[in-house]
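The next block holds one structure in the form of structure tokens; read it before the comments.
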Amino acid sequence: MEYNFKEIEQKWQAYWKEKETYKVDTNPEKPKFYVLDMFPYPSGAGLHVGHPLGYIASDIFSRYKRLQGFNVLHPMGYDAYGLPAEQYAIQTGQHPAVTTKKNIDRYREQLDKIGFCYDWSREIRTCDPDYYQWTQWAFIQMFNHYFNTQLQKAQPITSLVKMFEASGTEGIQAACTEELTFTAEEWKAKTEKEQQETLLNYRIAYLADMKVNWCPALGTVLANDEVSEGVSVRGGHLVEQRVMRQWSLRVSAYAQRLLEGLDKIDWTESLKETQKNWIGRSEGAEMKFSLSFGEGRGGVIEVFTTRADTIYGVTFMVLAPESELVKVCTTPEQAVEVENYIAATKKRTERERIADRRVTGVFSGSYAINPVSGAEIPIWISDYVLAGYGTGAIMAVPAHDSRDYAFARHFNLPIIPLIEGCDVSEESFDAKEGIMMNSGFLDGLTVKEAIEAAKKYIADKGIGRVKVNYRLRDAIFSRQRYWGEPFPVYYKDGMPYMLDESRLPLELPEVDKFLPTEKGEPPLGRAKNWEINGYPLELNTMPGFAGSSAYYLRYMDPKNHKALVSKEANEYWRNVDLYIGGTEHATGHLIYSRFWNKFLFDLGLVCEDEPFKKLINQGMIQGRSNFVYRIKDTNTFVSLNLKNQYETTPIHVDVNIVSNDILDIEKFKNWNPEYKTAEFILEEGKYHCGWAVEKMSKSMYNVVNPDDIVEKYGADTLRLYEMFLGPLEQSKPWDTNGIDGVHRFLKRLWSLFYKDGIFVVTNDEPTAEELKVLHKTIKKITFDIENFSYNTSVSAFMICINELFTLKCSKKAILEPLVILLAPFAPHVAEELYHALGNETTVCDAVFPVCHEEYLKESAVKYPISFNGKVRFTLELPADMSKEDVEKTALANDQTIKQLDGKSPKKVIVVHGKIVNIVI
RNA sequence: GCCCGGAUGGUGGAAUGGUAGACACGAAGGACUUAAAAUCCUUUGGCUUCACGGCUGUGCGGGUUCAAGUCCCGCUUCGGGUACCA
């Protein structure tokens with residue numbers, strides 16, 4: 001019997017399905033382990049060989065944990081809402097639900113072939129009303145809560161209303177969009193509409209006029225993490241700034257907790273660093289500068305600075321063009337110039353501003369007073385100051401800030417150095433080091449001391465206060481698109497109200513076209529009867545990250561109609577022990593879901609503050625492209641090593657018609673009609689292709705489909721080879737050449753069980769040597785799995801089989817534990833062989849073998865004998881020989897005497913059991 | 001600019017400070033075969049030597065150490081992230 005992977009894999013996949021091998025339930029008898037993959041967006045292109053990398057890794061770990069006696073939750077689902085299906089719908093009229101379903105079916109078919117141990121009974125799809133009901137429900141809770149900054153916790157908005165009724169904003173500790181001040185009487189005097197408007201300022205899910213990233217090509221706004229360098233991450237379309245009334249989530253309120261939480265979780269340092277930067281905490285001071293014409297006319301500028309120590313070096317102030325203070329500060333003489341500048345700034349897109357780093361700005365005409373030195377300084381307006389960060393105004397210290405320096409140089413403003421010995425003739429001195437000068441009471445202090453002293457001074461004199469600022473912005477939550485979750489929101493008198501929870505899910509309505517209405521409303525504006533009790537429903541839909549923010553909770557209890565997750569299920573499964581996915585979600589999904597989870601935690605609905613305990617980012621699988629070289633203006637192709645003799649154009653060729661960089665000429669001729677009559681200049685009868693590592697994509701003709709690999713080599717080979725390629729977290733190119741190695745390994749394993757179709761496994765007692773091979777492997781595999789070093793595990797298996805092959809070992813006592821050891825990696829062949837050995841239950845429920853150190857003991861050690869660190873020969877000595885005796889034996893050796901050449905050694909180092917080094 | 005990773009044979013990669021290149025691909029040679037496939041055996045970093053062996057070698061330059069791919073300092077270079085964030 002040959003190793004017939006096709007038959008074996010179909011047989012066991014059917015068996016697992018029939019026996020529900022991968023179904024799990026809460027089981028208080030067993031410890032739980034939750035392994036999660038970032039669920040995929042089912043794209044029309046299907047899976048390529050890069051996608052399953054992380055899934056295979058998590059599958060191995062799940063199976064390993066199960067063999068160790070854990071109750072493992074390992075679910076899968078689909079992030080089914082998204083732009084591509086909707087763009088496709090706009091082009092073809094095909095309903096996105098139809099395309100999405102088709103794509104999901106295709107994904108499932110591909111995933112099934114690889115033999116994953118997912119509990120598919122727990123599958124979720126974000127576009128399924130049973131699922132998005134809980135996305136809508138969570139949104140309602142966010143609307144009904146505010147963030148109490150003192151408790152650092154979400155609280156019911158009703159409790160805030162009670163405080164307003166009792167004492168207005170006096171003593172309120174609430175995260176808000178804008179600092180408001182009113183009394184209880186003023187609150188009570190407000191109309192219902194005014195009160196609602198006021199509450200939006202505090203709600204965690206709120207509606208507000210915001211400067212948003214508007215993408216005209218997609219017809220929607222985008223969140224900050226969906227925009228990179230002025231263009232949309234998806235599609236690369238231009239993005240511009242606009243002010244629009246949009247739903248937002250007050251993620252910024254959780255900035256401090258999101259930051260602190262990072263210390264409690266086991267993520268890579270680089271990912272934590274990325275999140276830290278995105279949150280962008282900076283400690284500093286908020287300071288008041290009065291205008292020279294007096295505060296009477298509303299003239300106070302507040303600035304935020306992390307360098308309070310540089311207060312004596314402030315030579316001008318700068319306002320963001322959008323700042324409300326621009327109006328106050330602009331003098332009649334400067335009005336025209338200021339207006340022109342602001343108009344010009346508005347026209348520039350984000351992208352233009354990034355591309356064009358020219359220094360621009362305009363003088364407002366007014367002056368401010370330095371609150372510490374009393375100096376009078378001009379107030380400028382420039383777009384290098386951002387309205388959205390800090391207070392939208394800065395104190396400029398050109399000597400010690402490179403942006404201020406560039407500005408000062410351009411407009412000829414004074415530059416006062418504040419640190420002894422610094423040279424500011426060519427550039428600013430930004431480093432926070434040195435001794436202060438020109439700084440009054442701060443002179444002589446180090447920068448660090450001066451920062452503290454200045455902060456204290458400012459606070460004591462009432463000039464300002466110590467403050468912490470965050471870069472993290474609230475998440476814009478509205479999308480002007482069709483294919484997303486509808487908001488459970490209706491409008492009364494222009495104000496938003498939440499639907500009663502009993503009316504959930506609010507299902508996505510049908511529309512005639514997936515385009516905006518003539519009035520420019522989102523596509524939902526086309527829906528008939530999109531209203532409730534005569535009140536219009538919200539026309540925006542939720543963004544892509546809405547559905548992925550709490551999906552890991554739903555897997556715990558996917559069919560629950562009463563709650564997102566039951567208390568019992570949540571308290572059993574708690575949070576994700578191992579999360580595997582791509583690093584591209586570092587600032588999007590991984591921030592939002594942490595925020596979402598913390599919010600639910602505050603409400604007492606989930607029992608863990610952090611959703612993902614350990615996270616691993618699998619590396620990207622890059623493509624390996626092949627090239628043919630066409631001689632210019634001909635249809636003749638020249639082989640790689642002869643191409644320099646001609647003038648050629650490299651052309652991408654489908655990697656699937658190339659093997660080991662040798663082109664299949666017949667297939668090439670049929671690949672494209674253009675090449676039907678192509679001629680070739682060969683090397684020794686072969687056409688050698690060039691190659692390069694590029695992104696895996698259709699246009700590079702380097703996409704490899706896992707289905708093809710499974711068809712040709714089987715799923716077990718695919719799984720092993722994906723792991724064998726290299727370290728999990730590293731990016732590496734896919735090269736199908738080399739897959740023969742792991743396939744050969746499986747065939748060789750098979751040959752230990754079957755010879756000429758006869759089962760040859762015996763019950764003979766294993767020898768000490770065979771036991772050593774086995775236990776060495778157990779030890780290595782266990783260590784490697786715990787450390788996610790799967791590439792070296794595959795090598796270890798190969799070494800083991802090679803050794804058993806040499807020993808001609810077909811003993812059950814050795815092979816059975818080995819099969820269990822291999823089961824997480826190659827489950828199909830392991831299941832087959834496990835049953836062949838006489839077992840009647842699934843290998844998934846076997847017990848993972850344990851290494852017994854006593855089998856590993858060596859009786860002799862091969863000591864490398866080195867001279868001045870260079871190894872000259874080896875000496876085999878008994879393992880229990882003492883250090884002194886090893887030294888004596890080594891020195892007495894003929895070869896040592898030869899190496900010493902009459903000289904006496906200065907020093908001899910013996911590392912017991914390792915090495916001998918003789919220093920001459 | 002800033003922050004994080006990398007750099008080891010023709011290729012993917014291995015190596016708790018202790019024989020660099022495990023394992024695999026490819027290549028070369030051989031066995032079996034009418035032939036091919038499959039399988040099995042041998043060789044395979046470079047230079048040098050008939051051979052034993054010798055020299056050299058982990059991006060570059062220094063250093064620490066009996067001993068450095070590994071630790072420290074200074075560069076080069078390639079990826080990834082991020083950016084007028086005060």
Side-chain angles (χ1 to χ4, degrees), chain A residues 2 228-229 268-278 280-282 284 303-307 310 318 320 353-354 357 359 382-386 388-397 400-404 406-407 430 469-473 583-584 586-587 617 619-620 622 624 660-662 691 693 720-721 724-727 729-745 747-748 751 783 789 791-800 802 805 862-874 905-911 913-920:
Chain A
E2 287 276 290
S228 179
E229 302 196 350
T268 60
E269 278 312 308
S270 75
L271 186 59
K272 286 191 196 178
E273 200 57 36
T274 305
Q275 290 218 338
K276 275 182 197 161
N277 291 340
W278 191 259
R281 182 184 204 271
S282 54
V303 299
F304 175 74
T305 179
T306 53
R307 292 294 302 272
T310 60
V318 187
R353 274 176 61 169
I354 290 164
R357 283 289 178 92
V359 175
S382 172
D383 66 0
Y384 87 88
V385 173
L386 304 177
Y389 184 77
T391 59
I394 62 154
M395 58 177 225
V397 186
H400 303 289
D401 182 288
S402 48
R403 296 152 303 182
D404 297 343
F407 195 84
D430 290 14
N469 241 315
Y470 298 92
R471 200 182 81 102
L472 184 69
R473 301 266 73 89
T583 177
E584 68 273 18
T587 53
N617 292 121
M620 276 226 308
Q622 297 150 313
R624 186 182 186 276
N660 283 325
D661 293 334
I662 305 294
W691 62 274
V693 173
L720 286 171
Y721 188 55
F724 188 61
L725 276 178
E729 303 186 62
Q730 203 169 296
S731 285
K732 59 242 163 196
W734 175 272
D735 183 0
T736 307
N737 301 328
I739 197 168
D740 291 310
V742 290
H743 193 62
R744 231 166 257 160
F745 154 73
K747 283 201 268 193
R748 198 167 248 216
S751 78
F783 180 83
S789 176
N791 55 328
T792 52
S793 336
V794 179
S795 304
F797 278 123
M798 287 172 167
I799 293 167
C800 174
N802 286 347
F805 186 84
K862 265 190 189 163
Y863 279 95
I865 312 299
S866 57
F867 296 83
N868 290 337
K870 288 185 183 182
V871 176
R872 293 292 138 169
F873 61 94
T874 59
K906 278 189 199 143
K907 197 173 175 186
V908 179
I909 287 125
V910 178
V911 182
K914 283 278 182 195
I915 198 167
V916 177
N917 191 18
I918 298 166
V919 185
I920 307 171

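Small disclaimer: the values here were computed from a predicted structure and weren't measured. Residue numbers begin at 1 in each chain, while the letters A, B, ... track the order of the sequences.
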Evaluate the ring planes of F304(A) and Y389(A), with Trp represented by its six-membered ring, and classify them as parallel (under 30°), tilted (30 to 60°) or perpendicular (over 60°).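 Ring orientation of F304(A) relative to Y389(A): perpendicular.
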
With the side chain of [X] defined as its heavy atoms from C-beta on, choose the nearest nucleotide among [options].
| X | options | value |
| --- | --- | --- |
| P727(A) | A24(B), A14(B), C41(B) | A14(B) |
| T305(A) | U11(B), A86(B), U19(B) | A86(B) |
| N737(A) | U19(B), C66(B), C25(B) | C25(B) |
| T792(A) | A83(B), A15(B), C23(B) | A15(B) |
| R403(A) | A86(B), A22(B), U82(B) | A86(B) |
| N791(A) | G18(B), G26(B), G13(B) | G13(B) |
| I915(A) | C85(B), U19(B), A38(B) | U19(B) |
| R872(A) | C3(B), G18(B), C55(B) | C55(B) |
| V871(A) | U19(B), C25(B), U56(B) | U19(B) |
| Y389(A) | C25(B), C41(B), C85(B) | C85(B) |

Apply ring pair (Phe, Tyr, Trp, His ring centres under 6.0 Å) to Y863(A) and list each qualifying residue two or more places apart in sequence or on a separate chain.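 Residues passing ring pair (Phe, Tyr, Trp, His ring centres under 6.0 Å) with Y863(A): none at all.
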
Ring pair (Phe, Tyr, Trp, His ring centres under 6.0 Å) with Y721(A): which residues, sequence neighbours excluded?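 By the ring pair (Phe, Tyr, Trp, His ring centres under 6.0 Å) rule, Y721(A) matches W734(A).
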
Atom pair distance, as rounded to whole Å: [atom1] in [X] and [atom2] in [N]:
| X | N | atom1 | atom2 | result |
| --- | --- | --- | --- | --- |
| K732(A) | G13(B) | NZ | P | 8 Å |
| R748(A) | A38(B) | CZ | P | 15 Å |
| M620(A) | G5(B) | CE | C1' | 14 Å |
| D383(A) | C84(B) | CG | P | 11 Å |
| E729(A) | G79(B) | CD | C1' | 16 Å |
| N277(A) | G81(B) | CG | C1' | 9 Å |
| E584(A) | G79(B) | CD | C1' | 16 Å |
| I909(A) | U19(B) | CD1 | P | 15 Å |

Considering only the [atom1] atoms, how many Å lie between [N] and [M], rounded to the nearest integer?
| N | M | atom1 | value |
| --- | --- | --- | --- |
| G74(B) | A22(B) | C1' | 33 Å |
| U48(B) | U42(B) | P | 27 Å |
| G45(B) | G12(B) | C1' | 16 Å |
| C72(B) | G6(B) | P | 13 Å |
| G59(B) | A68(B) | P | 15 Å |
| C32(B) | A37(B) | C1' | 13 Å |
| C55(B) | G1(B) | P | 44 Å |
| G61(B) | A51(B) | P | 32 Å |

Please give the nucleotide sitting opposite [N] as a Watson-Crick or G-U wobble pair, both distances under 3.5 Å, or none.
| N | answer |
| --- | --- |
| C52(B) | none |
| U39(B) | A31(B) |
| C2(B) | G81(B) |
| G26(B) | U44(B) |
| G61(B) | C73(B) |

Pair R748(A)-N802(A), side chain to side chain donor-acceptor pair (under 3.5 Å): steps then yes or no: CA-CA 8 Å; R748(A) 198 167 248 216; N802(A) 286 347; 3.0 Å; yes

Answer with base, sugar-phosphate or nothing: what part of the nucleic acid does [X] contact at a heavy-atom distance below 4.0 Å?
| X | value |
| --- | --- |
| N660(A) | sugar-phosphate |
| N802(A) | sugar-phosphate |
| S282(A) | sugar-phosphate |
| V911(A) | base |
| L725(A) | sugar-phosphate |

Grab the two heavy atoms, one from P864(A) and one from I915(A), that are nearest each other, plus how far apart they are.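 Of all heavy-atom pairs spanning P864(A) and I915(A), the closest is O-CG1, 3.4 Å.
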
Hey, which of these two, G869(A) or S795(A), hits RNA chain B nearer its 5' end, going by closest nucleotide?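 This one resolves to S795(A).
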
Mapping N868(A) and S731(A) to their closest nucleotides on RNA chain B, which lands nearer the 5' end?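 Its nearest nucleotide being more 5', the pick is S731(A).
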
Would you compute the distance between atom [atom1] of [X] and atom [atom2] of [Y] and round it to the nearest 0.5 angstrom?
| X | Y | atom1 | atom2 | result |
| --- | --- | --- | --- | --- |
| D430(A) | H400(A) | CG | NE2 | 9.0 Å |
| K276(A) | L271(A) | NZ | CG | 11.0 Å |
| D401(A) | I394(A) | CG | CD1 | 6.5 Å |
| F797(A) | T792(A) | CZ | OG1 | 10.5 Å |

Are [X] and [N] close enough that a side-chain N or O sits under 4.0 Å from OP1 or OP2?
| X | N | result |
| --- | --- | --- |
| Q730(A) | G13(B) | yes |
| R744(A) | C25(B) | yes |
| T274(A) | C4(B) | no |
| K870(A) | U56(B) | yes |
| K747(A) | U39(B) | yes |

Give a yes or no on whether a donor-acceptor pair under 3.5 Å exists between the nucleobase atoms of U16(B), that is its base, and the side chain of K914(A).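 Checked by distance alone, the answer is yes.
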
When you check the glycosidic angle of G30(B), does it come out syn, meaning within 90° of 0, or anti?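 This nucleotide is in anti.
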
